[in-house]
Amino acid sequence: MKKLFSLFLVFSLIFALAACSSTPAAAPTDAPTEAATDAPTEAPTDEPTAEPASAGSDVAAKTKLVVGTSADFPPYEYYDGDKIVGVEVEMMEKIAEKLGMEFELVDMSFDTIIAAVTSGKVDIGMSGFTVTEERKQNVNFSVSYIKAKQSIVVPEGSPIATVDDLYTEGATYAVGVQNSTTGDLYITEDVETKGLKLDIQRFTKYPDIIAALKSGKLECAIIDDQVAKAFVEENPELHLLDTAYADEDYALCMSKDNTELLAQIDKALEEMIADGTMQAIIDKYIK
């Protein structure tokens, strides 16, 4: 009897295990699952995609150019009352006229303009931009329209008489520059590569550099030549050295994506240079 009862228990266990290990039938392969019905479908490959901002049709459709500038840069761009005027502003007026567009100036810190161009916040950067290999890695430049140079401004009676005085052994002069300008880039490179002991102090705006020079906080400043002349004329206690620190070319900068806009700007500038319009604008502001 015990044997029969034991056999009954064994068969009961086997039946229970078989029931637990069985699986439900798989769903038909063509039946959509919940995950499949919620997933987005991929667009057909032959469906047109959005045209890039640099495409010619987009440029042709534009009615206004947004131009980033630092309006503390006389005579190229500066405030006359509440209006920004200057060489490059008048130049841009002529360019916009040739392109059949309006333009809007956005006043910003010089060291933010290239980032604004590359991000698409503005169409053009315009603030006495010198063409350099480093900048060309991030933006495209138009044809050059002004030959310029970097100059050195000192207080009257300064022991700094020439550019060479900055390079004398043991010189520790406090030198003011506008952040990210070529004056900043050039002197920083010289300090790093030639072991100079100069104290480079960086400012956001040129008027702050002039104030620091007048107060004695700075012993000299590296500033674009015509801008330096404008500030020295307004501040007779300052002096402009005769020797240039560096020669350079000014151009407009644009996003590397805006090749069609670059071509149109270059065409307009080349026409203005050839017919004397550009020189007439320069002569109006620079004597």
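Positions are given from 1 along the sequence.
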Linking I/L/V/M/F/W/Y whenever their side-chain heavy atoms sit closer than 4.5 Å, directly or via other members, would [X] and [Y] fall into one cluster?
X      : Y      : answer
Val67  : Phe73  : yes
Val175 : Phe203 : no
Ile222 : Leu240 : no
Phe141 : Val143 : no
Leu252 : Tyr78  : yes

Could you pull out all residues at least two apart from [X] that satisfy side chain to side chain contact (heavy atoms under 4.5 Å, CB included)?
X      : result
Glu271 : Lys98, Lys267
Ser144 : Asp249
Lys217 : Gln201, Ala212, Ser215
Ala230 : Pro74

I'd like to know if the side chain of [X] and the backbone of [Y] have a donor-acceptor N/O pair within less than 3.5 Å.
X      : Y      : result
Arg135 : Thr130 : yes
Thr162 : Asp164 : yes
Asn179 : Asp111 : no
Asn258 : Met254 : no
Lys256 : Lys136 : yes

What's the shortest heavy-atom distance between [X] and [Y], and which atoms?
X      : Y      : result
Asp107 : Lys205 : OD1-NZ, 3.9 Å
Ala96  : Phe103 : CB-CD2, 3.9 Å
Leu262 : Asn140 : CD2-CB, 3.9 Å
Glu77  : Ser70  : CG-O, 3.6 Å
Leu238 : Pro155 : CD2-CA, 4.1 Å
Ser109 : Thr204 : OG-CG2, 3.3 Å

Quiz item: Given Asp224 and Glu248, is the side-chain contact (heavy atoms from CB on, under 4.5 Å) satisfied, shown in steps?
Solution: CA-CA 10 Å; Asp224 293 70; Glu248 51 196 14; 3.3 Å; yes
[X] [atom1] to [Y] [atom2] distance, which is reported to the nearest 0.5 Å:
X      : Y      : atom1 : atom2 : result
Leu196 : Ile187 : CG    : CD1   : 6.5 Å
Ser151 : Leu241 : OG    : CG    : 8.0 Å
Asp123 : Met101 : CG    : CE    : 8.5 Å
Glu93  : Glu102 : CD    : CD    : 12.0 Å
Met92  : Leu99  : CE    : CG    : 9.0 Å
Asp242 : Ile152 : CG    : CD1   : 11.5 Å

Measure the shortest side-chain to side-chain distance between [X] and [Y] over non-hydrogen atoms and say whether it is less than 4.5 angstrom.
X      : Y      : answer
Ile113 : Met126 : no
Val66  : Leu105 : no
His239 : Ser158 : no
Phe110 : Thr181 : yes
Ser255 : Thr118 : no
Tyr206 : Phe231 : yes
Ile124 : Val117 : no
Lys94  : Met91  : no

Practice problem: Could you go through the side-chain contact (heavy atoms from CB on, under 4.5 Å) check for Leu198 and Thr172 one step at a time? | Solution: CA-CA 4 Å; Leu198 301 174; Thr172 58; over 6 Å; no
Practice problem: Assess whether side-chain contact (heavy atoms from CB on, under 4.5 Å) is satisfied between Phe129 and Tyr250, documenting all intermediate values. | Solution: CA-CA 5 Å; Phe129 273 101; Tyr250 286 171; over 6 Å; no
Self-check item: Over 12 non-hydrogen atoms of neighbours within 6.0 angstrom of CD in Glu156
Solution: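 Yes, CD of Glu156 has more than 12 neighbouring heavy atoms, counting only those of other groups under 6.0 Å.
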Practice problem: May I have the step-by-step check of ring-ring contact (aromatic ring centres under 6.0 Å, His included) for Tyr285 and Tyr76, ending in yes or no? | Solution: CA-CA 8 Å; Tyr285 291 89; Tyr76 299 104; 9.0 Å; no
Quiz prompt | Salt-bridge present (Lys214, Glu237; N to O < 4.0 Å) | solution =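 Looking at Glu237 together with Lys214, the answer is yes, because their closest N to O distance falls below 4.0 Å.
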State, without any angle test, whether [X] and [Y] hold a side-chain donor-acceptor pair at a distance under 3.5 Å.
X      : Y      : value
Asp184 : Thr188 : yes
Thr182 : Gln150 : yes
Asp190 : Tyr245 : yes

Quiz item: Listed by chain and number, what are the ring-ring contact (aromatic ring centres under 6.0 Å, His included) partners of Tyr173, not counting sequence neighbours?
Solution: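 Here no residue qualifies.
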Quiz item: So Arg202 and Gln178, side-chain contact (heavy atoms from CB on, under 4.5 Å) or not? Walk me through it.
Solution: CA-CA 6 Å; Arg202 296 172 177 83; Gln178 187 182 42; over 6 Å; no
Side chains of residues 81-89: which donor-acceptor pairs under 3.5 Å do they make with residues two or more places apart or in other chains?
| from | atom 1 | to | atom 2 | distance (Å) |
| --- | --- | --- | --- | --- |
| Glu88 | OE1 | Gly128 | N | 3.0 |
| Glu88 | OE2 | Gly128 | N | 3.3 |
| Glu88 | OE2 | Tyr145 | OH | 2.5 |

